[in-house]
Asker: 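Got a structure for you, questions after.
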Amino acid sequence: MFHEVWILFKKDLLQEFRSKAAINAIFLFSIVTLTAVSYSIGSHAISNFILAALLWIVIVFSALSAFSHIFLKEEEAQTADTLKLIAQPTPIFLSKWLFNTLLLTLLLMVIVPLFIAVFNFQVKNIPLLLLSIFLGDIGLASGGTIVAALIAKASRRGALFSVLSFPILLPVMVVGISAAQIAFTQEGSPLFPSEITALFAYDVVLFTTSLMLFDFIWND
Amino acid sequence: MKLQVDNIYKRYNRRYILKDISFTAARGQSVALTGPNGSGKTTLIKVLSQIVRPDKGEMQFSIEDTIIPREELNRHIGLVGPYLQLYQELTAYENLIFIAGLRRVNNAVDRIKKLAGEVGLEKHMHRAVHTYSSGMKQRLKYMFALMGDPDYLFVDEPTSNLDKAGIDWVYSLLAGWKKEKVLVFATNDEPDLEFADKVVSVVS
């Protein structure tokens, strides 16, 4: 199965390399959001608690802008039937999930240092921030991928994707904000506070449920 | 090698597109599906290819009396149809390497060269598919379907978009194919029906 996942993932990478549709959407949206937030705050002093919330708002909404592409492009190009013919649902889901995870990881590698530089503050617990963002990345990609599959065949997909994704991804955002607040404000705080346990547990539930449901969503 | 289709039903909304369709096809036998436009030929081809799940009914694909498990079926099936699109931004070669990877085709490059020579696309393999004409795309779809050397070939409108040379190639392919494998094709063209050992009329 991993061989199939790798072949499907490579195909998605090659397509993205040619079209740059998802990567352009996610990076442009995140840069625009970050610029808008920094201009609206200006030179006012802002607490690290609020900065943690702003960081996660930028991350979540940038992810929402890009995740729907992964199945939408198959429907729009009428290649969804081709995919159904040549591959099993599980490798398809895993390859799409892997692609969305990679896409968001690339974004996070750019947007998090940029956010810290723009708002010029010091992170007190960098390992905790990295761990919470990594777990958030996995959760967002799992939820985003399954909802993308769900809405791919619907009309008025754009609005539907945000409406359906938001309640699923909200726990990731809320717990991620809480973990970032600790990382931004408490030096020497533990690496595994309850927020990390909660994020990990939610990731496991979201990923497993998505994987189990995908067969029904994809074929019906 | 055998295909047994028993009492297939499929409905969209409240209308039955397929109702009680049954037939068998064994190795060396070809089946033509005929019927007016909208009668469900395409839906039946999609059901046979596992793209669409039937509401009721059974299908058994077997090789030497051993039933092929559902999760392995796609390795044994090839499909050519107007609705089956290839990846437009990739080259023909990349599309074929992609399917060869999934089907674990040995000597994929040699197989691509051989098939490209047969369909007359050997000089166009490194062009993006979106630059192909509709006839070239149809030839490429045949290559895509044949890359994994499937045991069951389903073809919807076998000669659509093809010129005389293309039609001749498809006819020679179908003639050779039906001797060794199971072939099911949907058509309303009289010349295509010459390749059918059995005709199933699909009426919704």
Side-chain angles (χ1 to χ4, degrees), chain A residues 1-25 69-96 98-99 149 152-155 211-220, chain B residues 10 12 42-43 45-55 69-91 93-105 108 128-131 137 140-141 144-148 150 152-156:
Chain A
M1 185 177 70
F2 293 110
H3 170 78
E4 267 187 82
V5 174
W6 174 239
I7 298 283
L8 291 162
F9 176 65
K10 269 201 310 187
K11 186 271 295 172
D12 280 331
L13 275 185
L14 190 58
Q15 268 187 297
E16 184 56 34
F17 180 72
R18 297 269 158 83
S19 70
K20 297 179 181 65
I23 205 145
N24 283 347
H69 282 271
I70 196 80
F71 284 105
L72 217 54
K73 69 180 181 187
E74 302 281 0
E75 287 296 334
E76 285 174 351
Q78 297 178 314
T79 48
D81 281 350
T82 310
L83 212 49
K84 280 180 190 169
L85 177 76
I86 61 180
Q88 289 295 312
T90 303
I92 293 172
F93 176 80
L94 290 174
S95 66
K96 303 290 187 192
L98 208 56
F99 180 84
K153 285 195 169 73
S155 54
L211 194 59
M212 285 163 64
L213 286 178
F214 182 72
D215 191 9
F216 301 101
I217 292 169
W218 184 239
N219 284 312
D220 290 321
Chain B
K10 180 70 194 175
Y12 286 113
T42 293
T43 304
I45 289 279
K46 284 186 175 183
V47 167
L48 294 172
S49 312
Q50 313 294 304
I51 291 175
V52 170
R53 285 187 180 171
D55 296 325
R70 190 178 147 70
E71 61 274 14
E72 287 175 23
L73 260 181
N74 61 1
R75 292 177 195 277
H76 297 268
I77 291 173
L79 170 67
V80 180
Y83 39 82
L84 203 73
Q85 297 300 326
L86 303 181
Y87 292 96
Q88 303 289 313
E89 57 274 76
L90 306 188
T91 65
Y93 183 81
E94 286 163 347
N95 270 285
L96 295 167
I97 283 291
F98 169 57
I99 184 71
L102 287 173
R103 294 280 188 270
R104 294 174 187 267
V105 176
V129 173
H130 69 81
T131 66
K137 282 180 186 168
L140 186 60
K141 284 178 190 178
F144 196 80
L146 298 175
M147 269 306 288
Y152 300 86
L153 183 64
F154 303 122
V155 188
D156 199 352

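Below, read A as the first sequence line, B as the second, and so on, with proteins coming before strands; counting in each chain starts at 1. Computed from a prediction, not measured in an experiment: that's the story for all the values here.
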Asker: Centroid separation under 6.0 Å, is that true for the rings of A/W218 and A/F93?
Answerer: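 Here the rings of A/W218 and A/F93 have centres that are no less than 6.0 Å from each other.
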Asker: Taking the six-membered ring of B/Y83 as reference, does the cationic atom of B/K46 (NZ for Lys, CZ for Arg) lie under 6.0 Å from its centre and within 45° of its axis?
Answerer: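 So B/K46 does make the cation-pi contact.
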Asker: Tell me, side chain or backbone of B/Q88 under 4.5 Å from chain A's heavy atoms, or both, or neither?
Answerer: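 The answer is neither part of B/Q88.
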Asker: Would A/K20 and A/F17 count as a cation-pi pair here, with the cationic atom under 6.0 angstrom from the ring centre and within 45° of the axis?
Answerer: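 The answer is yes, since A/K20 meets both limits relative to A/F17.
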Asker: Between chain B and each of A/K11, A/K73, A/E4, A/K84, count heavy-atom pairs under 4.5 Å; write down the option with the most.
Answerer: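 Of the options given, most contacts go to A/K11.
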Asker: Between B/L102 and chain A, with a heavy-atom cut-off of 4.5 Å, which part of the residue counts as in contact: side chain, backbone, both or neither?
Answerer: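 When you check distances to chain A, atoms from both the backbone and side chain of B/L102 fall under 4.5 Å.
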Asker: In terms of side-chain heavy atoms, does A/T79 have a donor or acceptor partner in B/Q85 at a distance below 3.5 Å?
Answerer: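 No, B/Q85 and A/T79 have no side-chain donor paired with an acceptor closer than 3.5 Å.
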